[in-house]
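Every heavy atom of this structure was used, including side-chain atoms; hydrogens, water molecules and symmetry mates were not.
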Amino acid sequence: MDKTTGPNSLEMRVQALENRIYGDRRNKSAKPVKCAESLTRIQTGLTNTANKRERVKILHKKIEDLLKYLDPQFTDHITVPDTMKLEFILAEEEFLLSQAALLEQVSNLQPLLDSTYIRDVPEHATKLQRLSQIHIKEQDQTEAQSQEVKKLFEEYNKMMFLLSKQFTQWDETLRKMEEAKGIRPVE
């Protein structure tokens with residue numbers, strides 16, 4: 001048996017706990033005080049006292065009644081008549097019927113939960129984990145690629161804008177030169 005889980009280890013742990021609780025105090029015979037023995041003596045003393053006293057015996061017999069009276073639902077049981085309970089049930093009849101239909105549907109679908117496909121899910125968990133990691137990696141690559149494409153489109157649009165502007169300036173310059181020479185522009 002392993003040393004850390006054996007009975008000797010447990011006894012050493014209990015003894016260490018007793019030393020923490022009682023410290024260096026000893027009982028009358030100069031032996032270390034043991035919690036379990038003290039608790040057993042106290043329990044025995046209480047039981048003997050309870051058995052000798054008639055009032056305590058009666059109290060023990062009445063405990064069940066007391067617990068019943070302390071239950072919060074006991075007052076509902078006393079104060080709500082059966083006809084009122086029936087009205088509560090009838091008021092919730094539609095809800096209860098819908099819940100019963102749902103439970104029946106779950107009951108009918110139970111064989112699907114017991115199928116081999118569902119039982120094999122743990123075996124496929126490692127594959128799913130690996131695929132999830134691949135998917136995340138590909139999402140990151142896609143994001144980087146999208147940023148690169150966006151950057152290229154921005155450069156392309158800028159270039160087209162500058163070229164369009166340059167062609168417009170050249171067209172304007174050419175028009176002015178043609179007007180100065182009296183040449184009619186071709187349309």
Side-chain angles (χ1 to χ4, degrees), residues 1-22 32-47 50-51 57 59-157:
M1 189 178 262
D2 188 11
K3 259 186 163 175
T4 58
T5 59
N8 292 337
S9 174
L10 180 61
E11 192 169 318
M12 289 179 1
R13 289 173 52 199
V14 169
Q15 189 173 7
L17 181 61
E18 289 173 345
N19 286 338
R20 278 184 163 176
I21 292 172
Y22 288 108
V33 177
K34 301 235 176 181
C35 289
E37 292 171 3
S38 297
L39 291 174
T40 305
R41 272 196 319 265
I42 292 169
Q43 174 66 29
T44 305
L46 288 174
T47 305
N51 288 335
K57 285 182 186 179
L59 180 63
H60 279 292
K61 290 178 183 176
K62 299 265 183 183
I63 284 179
E64 287 184 29
D65 291 337
L66 291 173
L67 291 175
K68 182 176 80 173
Y69 295 140
L70 290 173
D71 186 14
Q73 294 179 350
F74 179 75
T75 56
D76 291 342
H77 177 72
I78 292 174
T79 59
V80 179
D82 289 340
T83 56
M84 197 66 144
K85 290 177 187 176
L86 181 63
E87 286 183 32
F88 288 148
I89 293 171
L90 290 175
E92 294 293 323
E93 179 181 17
E94 188 176 314
F95 174 74
L96 293 173
L97 290 174
S98 68
Q99 294 300 313
L102 289 174
L103 286 173
E104 188 174 322
Q105 187 177 8
V106 167
S107 174
N108 291 338
L109 294 174
Q110 184 66 34
L112 294 175
L113 292 174
D114 295 333
S115 70
T116 57
Y117 300 113
I118 300 295
R119 277 189 256 127
D120 291 344
V121 165
E123 295 174 12
H124 299 299
T126 55
K127 291 179 184 177
L128 183 63
Q129 179 76 20
R130 192 175 74 239
L131 289 174
S132 294
Q133 290 172 350
I134 291 170
H135 180 69
I136 291 169
K137 182 181 175 185
E138 288 177 352
Q139 278 182 327
D140 293 342
Q141 291 173 347
T142 303
E143 181 65 29
Q145 195 70 27
S146 295
Q147 292 297 326
E148 185 65 29
V149 168
K150 183 178 177 184
K151 183 179 170 186
L152 289 174
F153 270 125
E154 287 174 355
E155 289 178 17
Y156 172 80
N157 287 336

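- With values rounded to the nearest 0.5 angstrom, Lys62 atom NZ is found 6.0 Å from Asp65 atom CG.
- Residue Glu155 places its CD atom among more than 12 non-hydrogen atoms of other residues, nucleotides or ligands, all under 6.0 Å distant.
- When the shell of 6.0 Å around NE2 of His124 is examined, it contains more than 12 heavy atoms from other residues, nucleotides or ligands.
- Rounded to the nearest 0.5 angstrom, Asn108 CG and Leu103 CG are separated by 11.0 Å.
- To the nearest 0.5 Å, the span separating OG1 on Thr142 from CD on Gln145 amounts to 8.0 Å.
- Taking 4.5 Å as the limit, some side-chain heavy atom of Thr47 sits within range of a side-chain heavy atom of Gln43.
- Residues Ile118 and Leu112 come closest through the heavy atom pair CG1-O, 3.3 Å.
- The closest side-chain donor-acceptor pair between Thr83 and Glu87, if any, does not fall under 3.5 angstrom.
- Across all their heavy atoms, Ile89 and Leu96 have their closest contact at O-CD1, 4.1 Å.
- Note: Lys68 NZ to Ile63 CD1 = 15.0 Å, rounded to the nearest 0.5 Å.
- Inspection of the Glu143 and Gln147 side chains reveals an N or O donor paired with an N or O acceptor under 3.5 Å.
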query: Going through the distances and angles, do Thr44 and Arg41 end up as a side-chain contact (heavy atoms from CB on, under 4.5 Å)?
result: CA-CA 5 Å; Thr44 305; Arg41 272 196 319 265; 5.8 Å; no
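- Separation of atoms CG (Leu131) and CD1 (Ile136) is listed at 11.0 Å; rounding is to 0.5 Å.
- Paired with Leu97 under the rule side chain to side chain contact (heavy atoms under 4.5 Å, CB included), one option of Glu93, Gln99, Glu94 passes, and it is Glu93.
- Rounding to the nearest 0.5 Å gives a distance of 7.5 Å between CD1 of Ile42 and CG of Leu46.
- More than 12 heavy atoms of other residues, nucleotides or ligands lie within 6.0 Å of CD in Gln141, so this atom counts as buried by the packing criterion.
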